[in-house]
Amino acid sequence: MIKLDHLSKKFNDDMVLNEIELEIPEQRIFGVIGQSGAGKSTLIRLINGLEQPTSGQVELPGDARIGMIFQNYALLRSKTVYKNVEMALRFTPIPKEEYRSKIQEMLQYVGLDDKAQAYPAELSGGQKQRVGIARALITRPTILLCDEITSALDPSSKKVVLDLLKKINAEFKTTIVLVTHEMEVIREICDFVAVIEKGKIVECNSIENIFLFPQSQTVKDFLKDIIYPQRPAQSELTAGEHLDYALMDFAQYLKLQKSPHQGYIFDSKTLELAGKRYFSMYLVTNDDESEVESIRRERIY
Ligand SMILES: Nc1ncnc2c1ncn2[C@@H]1O[C@H](COP(=O)(O)OP(=O)(O)OP(=O)(O)O)[C@@H](O)[C@H]1O
């Protein structure tokens, strides 16, 4: 576990982080979401030791090795992809003879084996970020810290990078701590999320609970932005479409299984919450508190 114990950071007289208390479980993907200036980067810099706390402390597991990925990639422009990844190995005891095979293996893992001799300027944003990931991963970190790593990427590159992080977490059991201001990113890959507002943690919960029981205004505001991405305005939807989208969103949020015959399986509690919390809709089910076979649709407005 990574434990942040009454962690505070002041810059001049500004309390940028205020008594942060967090327990970040190992081998999971933990998100920290907040608006610009909330203190997310400072939190990451305290975890990796680039900044010292004003008070409180960061407790890391005894065997922790930290890798870091940055929003702006932090690649050396004058060096090839291969050389950029090689840089990270120079700080490890790995013998030089093993560099080539390790770098090739890592570039293959991130899907860039054909770009070894390319320079960063010749790569797309998503490809640059994958070089950043290869460079971080080659030292086999136990903890991977990600600072807004998808903010500058288009949706398809974003997906590739997030899928890669999921794969890394699943295969290497790397603990991933990711800070972002994008709720889609949290929804896509995190197991847990902490919400930071003006240097304070205002909410911390599992991903399901954050979506079902949002407490803070910050989360409610974030949720509003992602309910209907790239869809017709809510006022243009028919009641049926409205409900279909609502259910599809919920299935996606909660990673529910699709039922073999029709649609998604929901329990009635979820339907009730879906209706009441997000869509002002009243959903009636004929289930026995376990599974729903059919859904009678009704609007109350
Ligand atoms: N080295 C520093 N010296 C002085 N103030 C700083 C320093 N680093 C950060 N700050 C201030 O701390 C506050 C939080 O900054 P931080 O970068 O941690 O926020 P953030 O949530 O990561 O925001 P963003 O997403 O915009 O980077 C800001 O007001 C910032 O100006």
Side-chain angles (χ1 to χ4, degrees), residues 2 4 17 20-44 47 68-71 126 129 132-133 143-170 174-231 245-246 248-256 270 273-274 277-279:
I2 303 172
L4 310 185
L17 291 177
I20 301 283
E21 291 223 50
L22 272 185
E23 295 190 345
I24 301 177
E26 282 176 83
Q27 306 191 1
R28 308 299 290 274
I29 306 185
F30 192 98
V32 178
I33 189 165
Q35 308 283 10
S36 179
K40 306 183 294 293
S41 300
T42 306
L43 186 71
I44 287 267
I47 297 176
M68 174 93 191
I69 317 172
F70 307 87
Q71 173 174 12
Q129 197 52 286
I133 293 175
I143 301 169
L144 196 53
L145 303 177
C146 308
D147 191 356
E148 295 278 9
I149 62 166
T150 55
S151 305
L153 303 182
D154 62 69
S156 66
S157 306
K158 199 174 276 196
K159 184 165 178 358
V160 172
V161 165
L162 293 178
D163 285 348
L164 187 55
L165 285 187
K166 270 194 258 187
K167 189 167 127 179
I168 290 166
N169 171 255
T174 314
T175 306
I176 296 182
V177 183
L178 171 151
V179 308
T180 180
H181 65 277
E182 298 174 298
M183 202 62 169
E184 308 92 277
V185 171
I186 298 283
R187 175 181 68 177
E188 190 60 33
I189 66 166
C190 292
D191 301 309
F192 300 96
V193 58
V195 183
I196 186 167
E197 221 174 78
K198 295 189 187 129
K200 284 192 172 165
I201 301 293
V202 293
E203 234 178 302
C204 181
N205 221 327
S206 69
I207 197 73
E208 289 83 0
N209 280 339
I210 282 279
F211 278 94
L212 284 173
F213 307 105
Q215 304 290 318
S216 63
Q217 194 53 45
T218 304
V219 173
K220 290 176 191 165
D221 289 345
F222 278 127
L223 286 175
K224 265 191 234 148
D225 294 341
I226 62 162
I227 296 299
Y228 289 103
Q230 293 159 2
R231 285 186 190 158
Y245 279 139
M248 279 192 296
D249 280 337
F250 249 73
Q252 217 184 340
Y253 290 153
L254 304 177
K255 299 178 181 143
L256 293 180
T270 306
L273 287 166
R277 287 189 178 265
Y278 298 111
F279 310 103

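On a predicted model such as this, the values are computed, not experimentally measured, just so you know.
For N205, the side-chain hydrogen bond (donor to acceptor under 3.5 Å, both in side chains) partners at least two apart in sequence or on another chain are N209. With sequence neighbours excluded, the residues that form a side-chain hydrogen bond (donor to acceptor under 3.5 Å, both in side chains) with K159 are D163. Remark: K167 engages no residue in a side-chain hydrogen bond (donor to acceptor under 3.5 Å, both in side chains) (not counting sequence neighbours).
Taking CD1 of I20 as the start and CG of L43 as the end, the distance is 6.0 Å to the nearest 0.5 Å. If you take CE on M68 and SG on C146, they are separated by 8.0 Å, rounding to the nearest 0.5 Å. The distance from the CD1 atom of I189 to the CZ atom of F30 is 13.0 Å, given to the nearest 0.5 Å. Residue I176 holds its CD1 atom at 10.0 Å from CG of L145, rounded to the nearest 0.5 Å. Distance check, rounded to the nearest 0.5 Å: CZ of R187 to CD1 of I33 gives 11.5 Å. Rounded to the nearest 0.5 angstrom, L22 CG and I196 CD1 are separated by 8.0 Å.
Across all non-hydrogen atoms, the minimal contact from Q27 to T175 is N-OG1, 2.8 Å. Considering every non-hydrogen atom in both N169 and T174, the closest pair reads ND2-O, 2.9 Å. Closest non-hydrogen pair, C190 versus L178, comes out as SG-CD2, 4.3 Å.
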Distance-only check: which donor-acceptor pairs under 3.5 Å involve side-chain atoms of residues 148-156, not counting sequence neighbours?
residue	atom	partner	partner atom	Å
E148	OE1	S151	OG	2.5
E148	OE1	H181	ND1	3.0
E148	OE2	H181	N	3.4
E148	OE2	H181	ND1	3.1
T150	OG1	E182	OE1	3.1
S151	OG	E148	O	3.3
D154	OD1	S156	N	3.1
D154	OD1	S156	OG	3.0
D154	OD1	S157	N	3.0
D154	OD1	S157	OG	3.2
D154	OD2	S157	OG	3.1

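Residues L4 and I201 are not in side-chain contact: their nearest non-hydrogen atoms beyond the backbone lie 4.5 Å or more apart. Between I210 and I186, the closest side-chain pair of non-hydrogen atoms is not below 4.5 Å. At a threshold of 4.5 Å between non-hydrogen side-chain atoms, the residues L144 and L165 count as touching.
Residue pairs that meet the side chain to side chain donor-acceptor pair (under 3.5 Å) test with at least one member in residues 32-42, sequence neighbours left out, are S41-D147. For residues 20-33, the set of pairs meeting the salt bridge (Lys or Arg N to Asp or Glu O under 4.0 Å) definition, not counting sequence neighbours, comprises R28-D191.
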Passes side-chain contact (heavy atoms from CB on, under 4.5 Å), V219 versus M183? Steps please. CA-CA 9 Å; V219 173; M183 202 62 169; 4.1 Å; yes
